[in-house]
Student: 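I'd like to ask some things about the structure below.
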There are 2 protein chains.
Amino acid sequence: MSRSAAAYHHGDLRAALVDAAVTLVEEQSPARLSLREVARAAGVSHAAPYHHFADRGELLKAAGDRCMADFLAAQETAVAAHDDPDARLVALGEAYVGYAAAHPHAFALVFDPELCPPGDPSPERAVLIARNEELLARCVTDLLTARGQDPARAPALADALWGTVHGLAALVGDGHLPVGAVRPALEARLGL
Amino acid sequence: MSRSAAAYHHGDLRAALVDAAVTLVEEQSPARLSLREVARAAGVSHAAPYHHFADRGELLKAAGDRCMADFLAAQETAVAAHDDPDARLVALGEAYVGYAAAHPHAFALVFDPELCPPGDPSPERAVLIARNEELLARCVTDLLTARGQDPARAPALADALWGTVHGLAALVGDGHLPVGAVRPALEARLGL
DNA sequence: GTCCCGATCTTTACAGTGTCAAGAAAGGCA
DNA sequence: TGCCTTTCTTGACACTGTAAAGATCGGGAC
């Protein structure tokens, strides 16, 4: 093996399959996504994926990892663009909801409990989850200290904020709320 | 037809199929639920459901209607058990999250955007949705007037609260948050 | 009562899916 | 050159959703 363990006939089929899955998930619910369709999109036979993934679920997990990385990156860049603790938290929330609104199926894929059981996530996913939790915790703690409030409240407040933002994201992603309802709702809750 | 339009050979197969679907959804994700499995559970052939539902989706929709009715009933009885506006709102939130925690698959079924497109829900579903929105709006307005605040803020506040409660429900239902995190989060947000 | 009609259910069939086992092809190493 | 391992393809099986054709049964017409 010269460069990569997965660079033989096709080039890098594993990455190509994840690419195809992420692309297809852009227009289709993960539940409807078929392994054979992904294989067709990648230009290989319907059984080729089984040499890189144990089953359909493993392929979807890998696609979910990629989406989660994008999702986290969107939040991190949004937070990094501001200095004020209030503005950072709002930016985080808007990035969170913005991703769900722009990529509803990818958002659903990221949080699908059957693909990523919250008990034992894949190692790669666990790193992303930890980084996301740290990001939120840091923003909340910074806000509390900037306001001179007890930082011990941070965990409960972080859960509450996560709930609010996640709920708005899910409702907007599923079409139950229009995107325009997000900003007023966030402002009504964040006390700005 | 003597009594009901659907009381011929089997008794009332339509209702029996919905029953079976709701029962199966208690232990299985709606995505995994197969039409043939529901038919087997009801003791009929795999094609029998097609005389009562256009396709698998219509059966799941009917099951979702039933779950949504239960979900709404849980909220209504919780609210009716209290007089204080603050307590009523908290009770509503706890009933909302409680249903998701106790019946995560049914909760997912109720909010599945492919089964109930928020644009045009079924007539039966539309009634339930309207009742649920009215219930929340009434609770929020009552709270604002009891506190002497501007009732014009009600819509934005209702969306924000819906977001918080829905997000906590989704996170708990999917296992991303433990149930114990709900009460502190709700109290941290409702300002009690 | 008998006959027929229509609603209900079953049987059969087909395409599509996930998954596995066996065989072909192609790169790396002797 | 020739072999061996990895990669991919082909073929098969059980399962799914769905449609069409046939069987079965209740209720109204005579």
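Chain letters run A, B, ... following the sequence lines, proteins first, then strands; residues in each count from 1. Remember, predicted model here, so these are calculated numbers, not experimental data.
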Student: Both B/Gly57 and B/His51 contact DNA chain D. Which one's nearest nucleotide lies toward the 5' end?
Tutor: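 Per heavy-atom nearest nucleotide, the more 5' residue is B/Gly57.
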Student: Evaluate the ring planes of A/Tyr96 and A/Phe107, with Trp represented by its six-membered ring, and classify them as parallel (under 30°), tilted (30 to 60°) or perpendicular (over 60°).
Tutor: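 Because their plane-to-plane angle is over 60°, the rings of A/Tyr96 and A/Phe107 count as perpendicular.
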Student: Without placing hydrogens or testing angles, list every side-chain donor-acceptor pair under 3.5 Å for residues 72-81 of chain B, not counting sequence neighbours.
Tutor:
| unit_1 | atom_1 | unit_2 | atom_2 | d |
| --- | --- | --- | --- | --- |
| B/Gln75 | NE2 | B/Phe71 | O | 3.4 |
| B/Glu76 | OE1 | B/Arg131 | NH2 | 2.9 |
| B/Glu76 | OE2 | B/Arg131 | NE | 3.3 |
| B/Glu76 | OE2 | B/Arg131 | NH2 | 3.1 |
| B/Thr77 | OG1 | B/Ala73 | O | 3.2 |
| B/Thr77 | OG1 | B/Ala74 | O | 3.1 |

Student: Tell me: OH of A/Tyr50 to C1' of C/dT19, nearest whole Å?
Tutor: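 About 4 Å, once rounded to whole Å.
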Student: Would you please name every residue forming a side chain to side chain contact (heavy atoms under 4.5 Å, CB included) with A/Cys67, sequence neighbours left out?
Tutor: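 Partners of A/Cys67 under the side chain to side chain contact (heavy atoms under 4.5 Å, CB included) test: A/Val22, A/Tyr99, A/Ala106, A/Leu109, A/Val110.
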Student: Let me check something: any side-chain donor-acceptor pairs from residues 35-47 of chain B under 3.5 Å, sequence neighbours excluded? List them with distances.
Tutor:
| unit_1 | atom_1 | unit_2 | atom_2 | d |
| --- | --- | --- | --- | --- |
| B/Glu37 | OE2 | B/Gln28 | NE2 | 3.1 |
| B/Ser45 | OG | B/Ala47 | N | 3.4 |

Student: Would you mind listing every ring-ring contact (aromatic ring centres under 6.0 Å, His included) that reaches into residues 11-36 of chain A, with sequence neighbours excluded?
Tutor: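 Passing the test, one end in residues 11-36 of chain A: no pairs.
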Student: Starting at atom CG of B/Asp12, determine the distance to atom C1' of C/dT8, rounded to an integer number of angstrom.
Tutor: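 Between C1' of C/dT8 and CG of B/Asp12: 12 Å.
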Student: Considering residues at least two apart in sequence or located in another chain, which fulfil the side chain to side chain contact (heavy atoms under 4.5 Å, CB included) criterion with B/Ser29?
Tutor: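 Expected list: A/Glu114, B/Ala31, B/Arg32, B/His105.
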Student: Output the rounded distance in Å from CZ (B/Arg32) to C1' (D/dG17).
Tutor: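 My rounded result for the distance is 17 Å.
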Student: Within this structure, what is the CZ-to-P distance between B/Phe53 and D/dT18, rounded to whole angstrom?
Tutor: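 Rounded to whole Å, this separation is 13 Å.
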Student: Rounding to a whole Å, what distance do you find between B/Leu59:CG and D/dT16:P?
Tutor: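 From B/Leu59 CG to D/dT16 P: 14 Å.
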Student: What protein N or O atoms touch nucleotides 12-17 of chain C N or O atoms at under 3.5 angstrom, if any, and at what distances?
Tutor:
| unit_1 | atom_1 | unit_2 | atom_2 | d |
| --- | --- | --- | --- | --- |
| C/dT12 | O4 | B/His46 | NE2 | 2.8 |

Student: Whether A/His52 contacts D/dT6 is assessed here as follows: a side-chain N or O lying under 4.0 Å from the phosphate OP1 or OP2. Is that the case?
Tutor: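 No.
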Student: Would you mind reading off the distance between B/Leu115 atom CG and D/dG17 atom P, rounded to a whole angstrom?
Tutor: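 In whole Å, D/dG17 P and B/Leu115 CG are 13 Å from each other.
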